[in-house]
**Q** 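One structure, as C-alpha cells, below. Some questions next.
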Amino acid sequence: MYMRNCWYVAGWSKDYEQKLRAQTVLGEKIVFYRQGDGKPVALEDACPHRKLPLSMGQLAGDRVVCGYHGLTFDCSGSCVEAPTQRGNIPKRAVVKSYPVEDRYGLLWIWMGDADKATPDEIFHIPNYDNPAWGATDGGSLHLGCNYLWMADNLLDPSHVAWVHVTSFAGAGTDDAALDLERTDRGVIVSRWIYDQPVSPYYAPLVKFTGNCDRKQHYEMCFPAIGVNMSIYCPAGSGGPKAPHGDLTYVNVSYNFMTPIDEHNTLYIWFQHRNTDPDDTAISEQMNAGALMAFNEDKVVLEAVHRGMENKTSPHLDLGLDAGAKLFRLQLGRQIDAEQP
Ligand code: FES
Ligand SMILES: [Fe+2]
C-alpha cells in the first residue's frame, strides 16, 4: 500500500529523452518518453492486446507503436491506429496515462487519480533559484530495500555516530536529547548540540574556527521526501531562539525516495547551502562526500531490510525510533484516507 495522490520523483529530467524508457514505480510498469516539443509522457507499459511492454515497441513521432501487431497509442494513452484491422479501433484499446511534470531538474509523476493531479502540490524547494545559495548536482542510488527504511534513517540523527564516522559524526550525535514534532506535512526530529568540534564533512565548509553549536534537523514529508538541515554556528551563538548570524552555515539536503516495489527504492538527492554559490570545487567535494555517506546508508539499510524480512527472533524499538514510528503512523493515515 502506497500513498498515491501525490507527486513522486521518477528520476532526473535529463535522463528522459525522445525515446522509450521502461521503469517501475510503486510496482507499476511504466514507459516514459518525451514528445517532439519536450513535454514528458508516462504510459502504462503494457499493450492492451497481449500485454507486450510498449517499451519494446517504437516511437513514431509522439506516438508509441506496439512491437507485436502495431496498435498505436497517442500520449494520452488512446489507441489511434489498429493496422491489422484498419478503420476498426477497439474501444477498449486504451492504456493508462500518468500526469508528469518537470521541476527542479527532476521528473515528477502523479501515481493516483489523474484528475486530482495539481502541479502546485509538487514539493517546494525554497532556495532553488536563489543566486546567493550554492547547490550540488546531487546523485542517485538504487537501494535494495523498502523505502521506509530510508525514511526511518532520515528521521534518525543518531545513526551518524556509527554509520558516518568520517563525515557527519561528532560528539553528542550519539546521545544528545532529541525533539520530536508532528507537522502538517510529516515529522521533524531535531536537536541542538553545543560547543563541540565541527563534524569532518562540514569542517572545511564553515566560515569560522573553533567549536560550534550545531543543529541536526531531520524532517520527513509525505509521501517520502526527507529534508535534512545542518546548521553550524560559532559556539555560544546557537540554540532554538538564537537568530542566524553572518557566520551561520546552513546546508539543506533534499532526499527523494520513490518506491520501485516493496523491496527496492530509487533514492535521489541534492544539497543547497547558504555559502559559496559559485564555487564548483566545493560543490563537487560536497557531492562526492554525500555519495560516500549515502553508500554507507545503503549498505546498512539493505542489510536491515534482509534482517527484518528473515528475522528468527523478535526485534525491538529504541527511544530514537519515535520519529520514524510517528511518520509511519501518519503516512498510514494518509494512505487510509485515500481508500474508497
Ligand atoms: S500485443 Fe500489442 S498489438 Fe498485439
Ligand atoms: Fe545516513
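First listed ligand is number 1; within each ligand, the first listed atom is number 1. Basis for what follows: all heavy atoms, side chains included, without hydrogens, waters or symmetry-related copies. Predicted model, so just to flag it, every value in this text is computed and none were measured.
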**Q** Is any NZ, NE, NH1 or NH2 atom of the basic residue among Asp276 and Lys207 found under 4.0 Å from an Asp or Glu carboxylate oxygen of the other?
**A**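 The answer is yes: the pair qualifies as a salt bridge.
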**Q** My understanding is that only residues two or more places apart in sequence, or in another chain, count here; which of them pass ring-ring contact (aromatic ring centres under 6.0 Å, His included) with Phe123?
**A**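 None.
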**Q** Would you say the side-chain atoms of Asn310 pair up with the backbone N or O of Arg306, donor to acceptor, closer than 3.5 Å?
**A**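 Checked: pair present.
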**Q** Which heavy atom in Ala82 sits nearest to a heavy atom in Ile89, and how many Å separate them?
**A**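 Looking at all heavy atoms of both residues, the closest pair is N-CG1, 4.1 Å.
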**Q** What residues form a side chain to side chain contact (heavy atoms under 4.5 Å, CB included) with Asn264, not counting sequence neighbours?
**A**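 Counting only residues at least two positions away or on another chain, Asn264 forms a side chain to side chain contact (heavy atoms under 4.5 Å, CB included) with His142, Ile260, Asp261.
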**Q** Taking the side chain as every heavy atom from C-beta outward, state whether Leu180 and Leu178 have any atom pair closer than 4.5 Å.
**A**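 Not touching, per the 4.5 Å side-chain cut-off.
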**Q** With 2.8 Å as the threshold, which protein atoms of type N, O or S lie near atom 2 (Fe) of ligand 1? Leave waters out.
**A**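 Listed by chain and number, the atoms are Cys47 SG, Cys66 SG.
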**Q** Any salt bridge linking Arg4 with Glu28? Criterion: basic side-chain nitrogen under 4.0 Å from a carboxylate oxygen.
**A**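 A salt bridge links Arg4 with Glu28.
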**Q** Check whether Arg63 reaches the backbone of Val80 with its side chain - one donor and one acceptor, N or O, closer than 3.5 Å.
**A**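 Judged by distance alone, no pair lies under 3.5 Å.
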**Q** Are Asp102 and Arg34 ion-paired here, with the side-chain N under 4.0 Å from a carboxylate O?
**A**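 Salt bridge present between Asp102 and Arg34.
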**Q** What protein N/O/S atoms are there under 2.8 Å from the Fe ion (ligand 2), waters excluded?
**A**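 For the Fe ion (ligand 2), the protein N, O and S atoms that sit under 2.8 Å away are His159 NE2, His164 NE2, Asp297 OD1, Asp297 OD2.
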